[in-house]
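Written below as structure tokens is the structure these notes are about.
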Amino acid sequence: MVKTRNDFPSEDDYYKYTRSLEFLLNYSLEGKTAKQIHEEMRIDQEWLHYVEKGLEVLKKEGQMKGIDMIRMVDIYVMEDEDYEGWLENFNK
């Protein structure tokens, strides 16, 4: 069973849980809107459009778990952002 925000004493604790393998493997995207997924999974505010885009793809592929959404969002972020430049600066 997936826990909700009300099961945690702080937003930070809930955010950490939403990044856990337990949550990502058990969270279902079925019947949820992109906005609802965005909020429940605590995905960065600026990335709602990636969630919307990813939800359409994942529905077609029949992959409807939280881990699938995080993978799609990561792919879109890396495609759109200067990921190589970020890595260069990070390793300095």
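- Between atom CE of residue Met64 and atom CD1 of residue Ile37 there is a gap of 6.0 Å, rounded to the nearest 0.5 Å.
- Note: Tyr76 and Tyr50 have parallel aromatic rings, judged against thresholds of 30 and 60 degrees for the angle between ring planes.
- Under a hydrophobic clustering in which Ile, Leu, Val, Met, Phe, Trp and Tyr are joined whenever their side-chain heavy atoms come within less than 4.5 Å, directly or via other members, Leu21 and Met41 fall into the same cluster.
- Side-chain N or O atoms of Tyr14 include none that pairs as donor or acceptor with a backbone N or O of Asp7 at under 3.5 Å.
- Asp12 is not listed as a side-chain neighbour of Tyr17, based on a closest heavy-atom distance of 4.5 Å or more.
- The distance from the CD atom of Glu61 to the CD atom of Glu56 is 12.0 Å, given to the nearest 0.5 Å.
- Transitive grouping of hydrophobic side chains (ILVMFWY, heavy atoms separated by less than 4.5 Å) keeps Tyr15 and Val51 in distinct clusters.
- For Gln45, the CD atom sits in a loose shell: 12 or fewer heavy atoms of surrounding residues, nucleotides or ligands are nearer than 6.0 Å.
- Within the 4.5 Å cutoff, the side chain of Met69 has no heavy atoms near those of the Gln63 side chain.
- Once rounded to the nearest 0.5 Å, the distance linking OG of Ser20 with NZ of Lys3 reads 8.5 Å.
- Geometrically, Lys32 engages Tyr27 in a cation-pi contact, judged by NZ or CZ lying under 6.0 Å from the ring centre and within 45° of the ring axis.
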- Please step through side-chain contact (heavy atoms from CB on, under 4.5 Å) for the pair Thr18 and Ile43, ending with a clear verdict. CA-CA 9 Å; Thr18 64; Ile43 295 172; over 6 Å; no
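- Scanning all heavy atoms of the two residues, the minimum distance from Trp47 to Val73 falls at CE3-CG1, 3.8 Å.
- The distance from atom CG of Leu29 to atom CD of Gln36, rounded to the nearest 0.5 Å, is 10.0 Å.
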- Task: Apply side-chain contact (heavy atoms from CB on, under 4.5 Å) to the pair Lys65 and Leu24, showing each step before the final yes or no.
- Result: CA-CA 7 Å; Lys65 296 289 183 186; Leu24 294 174; over 6 Å; no
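- With a 4.5 Å cut-off on side-chain heavy atoms, Leu58 and Arg71 count as touching.
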- Residue pair Arg19, Lys16: steps toward the side-chain contact (heavy atoms from CB on, under 4.5 Å) verdict: CA-CA 5 Å; Arg19 296 300 171 263; Lys16 288 175 186 173; 6.0 Å; no
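- When hydrophobic clusters are built by joining Ile, Leu, Val, Met, Phe, Trp and Tyr residues whose side-chain heavy atoms come closer than 4.5 Å, directly or via intermediates, Leu25 is grouped together with Phe23.
- The number of heavy-atom neighbours closer than 6.0 Å to CD of Glu11, taken from other residues, nucleotides and ligands shown, is above 12.
- Contact annotation: the side chain of Lys35 approaches that of Glu39 to within less than 4.5 Å [non-hydrogen atoms, C-beta and beyond].
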